[in-house]
> 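I have a structure I would like to understand better, so I am pasting it below and will then ask my questions one at a time.
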Amino acid sequence: MTTTTAATAVPRRRRRARPAGGRGRPLIYMLLAAVLASSIFPLYWTFVVASSDNSAIGEATPPLVPGGNLMENISRVFESSEFSLALMNSAIVATTVAVGNVFFSALAGFAFARLRFRGRNALLVTVVATMMVPTQLGIIPLYLLTTELGWTGHLQALIVPALVSAFGVFWMRQAVDETVPNELVEAAMMDGCSLVRIFWHVALPAIRPAAAVLGLFTFMGAWNDFFWPLVVLNPENPTVQVALSVLASGYYTDYALMLTGALLGVLPVLGVFLLLARQIVGGIMAGAVKG
């Protein structure tokens with residue numbers, strides 16, 4: 001009887017195991033929401049000040065709601081400085097530097113990762129070691145060189161020295177080493193592909209997420225650069241950061257005017273980030289799956 005009962009007994013359903021961190025999820029979401037709010041608030045505050053006038057900014061209770069003076073402040077920014085020329089100069093410099101840095105760094109990274117030549121490791125160490133040299137030490141020699149070449153006051157003085165970077169070479173070398181198998185390169189060589197075709201059709205599509213990250217960082221660095229454009233360019237031919245310093249100078253600081261210019265200077269960077277967001281997230285997800 002006991003055996004029959006045990007055989008015909010319906011087995012109890014197993015309880016589903018709850019995730020280990022299920023109870024802590026609300027706290028995690030609250031923490032992420034707080035981080036998101038603290039990250040967005042400076043940009044929102046910039047927009048609020050840019051859409052207000054100085055009388056509202058000087059009140060005892062600062063405004064938290066956007067005003068109605070945004071278009072007026074934008075017109076004042078373009079009238080009071082060479083801001084349109086500064087936006088165009090920064091767009092040309094940042095785009096050219098980002099594209100050139102990604103291309104040349106990818107070429108060098110592919111060579112260091114998949115080609116065998118004498119002195120490869122020593123040359124890579126030399127390239128990486130240049131990252132430890134402060135940028136300020138090279139300002140005077142670089143300025144003398146640009147003066148000898150006649151580039152002072154022209155955009156090529158900003159573009160040419162930044163077309164390739166040691167960080168970009170190291171970054172792309174690591175990306176090629178992780179995403180492009182050596183067997184795939186050897187198979188392409190056996191099929192008769194040249195090194196240029198292997199780089200363009202095999203390596204470059206594989207390292208596209210890493211290239212997008214490098215392009216974003218390079219664009220931001222070139223767009224936000226202030227010291228070197230201030231040294232080598234003329235006041236009549238500025239970049240965005242130099243133009244913003246002109247808006248902030250003077251005996252009386254017009255905060256609405258200054259932050260309107262800062263808002264206009266941030267929008268292109270946000271646009272580039274949104275343009276490359278899919279590739280960046282794809283690279284992060286690929287790294288997470290590999291891990």
Side-chain angles (χ1 to χ4, degrees), residues 91-135 138 142 156 158-225 268-291:
I92 293 173
V93 171
T95 303
T96 307
V97 167
V99 174
N101 198 1
V102 169
F103 179 73
F104 291 116
S105 297
L107 276 176
F110 176 74
F112 281 122
R114 289 294 171 257
L115 301 183
R116 299 292 182 265
F117 54 91
R118 183 176 299 177
R120 183 187 63 168
N121 295 332
L123 186 58
L124 179 61
V125 171
T126 304
V127 171
V128 174
T130 59
M131 298 172 59
M132 296 184 291
V133 180
T135 307
L142 186 58
Q156 55 262 37
L158 304 179
I159 295 174
V160 176
L163 284 179
V164 67
S165 63
F167 172 76
V169 172
F170 178 75
W171 176 270
M172 299 308 290
R173 187 263 177 194
Q174 295 298 112
V176 172
D177 191 47
E178 292 178 0
T179 59
V180 182
N182 196 23
E183 293 80 6
L184 185 61
V185 176
E186 293 177 354
M189 287 182 176
M190 293 179 63
D191 289 339
C193 289
S194 62
L195 291 177
V196 176
R197 292 188 61 186
I198 293 174
F199 169 76
W200 190 259
H201 295 287
V202 177
L204 200 57
I207 60 176
R208 189 179 301 169
V213 175
L214 178 62
L216 176 63
F217 287 164
T218 306
F219 185 91
M220 291 177 58
W223 185 272
N224 296 326
D225 192 13
V269 179
L270 292 178
V272 172
F273 175 76
L274 294 176
L275 182 65
L276 300 177
R278 183 177 180 181
Q279 297 292 334
I280 295 172
V281 173
I284 295 174
M285 295 302 296
V289 171
K290 290 180 180 179

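What's counted below: heavy atoms across the whole structure, side chains too, no hydrogens, waters or symmetry copies.
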> How many angstroms lie between CG in Asn121 and OG1 in Thr126, if you round to the nearest 0.5 Å?
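Going from CG on Asn121 over to OG1 on Thr126, the span is 10.5 Å.
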> Nearest 0.5 Å please: distance from the CZ atom of Phe103 over to the CZ atom of Phe199.
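Output value for this atom pair is 5.5 Å.
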> Locate the shortest heavy-atom distance separating Ala113 from Arg173; write the atom from each residue and the value.
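Looks like CB-O, 3.8 Å.
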> Looking at Val164 and Ser105, what are the two nearest heavy atoms and their distance?
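Where Val164 meets Ser105 most closely, the heavy atoms are CG2-OG, 3.9 Å.
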> Please check if the side chain of Arg120 supplies one atom and the backbone of Phe112 the other of a donor-acceptor pair under 3.5 Å.
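Yes, Arg120 side chain to Phe112 backbone: donor-acceptor pair under 3.5 Å.
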> For the backbone of Asp177 and the side chain of Arg114, can you confirm whether one donor and one acceptor N or O come within less than 3.5 Å of each other?
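Yes: the side chain of Arg114 pairs with the backbone of Asp177.
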> Compare all side-chain heavy atoms of Leu195 with those of Leu115 and state whether any distance is below 4.5 angstrom.
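Result yes, sub-4.5 Å side-chain heavy-atom pair found.
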> Could you list the donor-acceptor pairs under 3.5 angstrom formed between side-chain atoms of residues 202-224 and any protein atom two or more places apart in sequence or on another chain?
residue	atom	partner	partner atom	Å
Thr218	OG1	Asn101	ND2	3.3
Thr218	OG1	Leu214	O	2.7
Trp223	NE1	Gly265	O	2.8
Asn224	ND2	Met220	O	3.1

> For the CG atom of Leu123 and the CZ atom of Arg118, what is their distance to the nearest 0.5 Å?
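Rounded to the nearest 0.5 Å, the CG-CZ separation comes out at 14.0 Å.
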> Could you pull out the closest heavy-atom pair between Thr179 and Pro181, with the gap in Å?
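Distance-wise, the nearest heavy atoms are O-CD, 3.4 Å.
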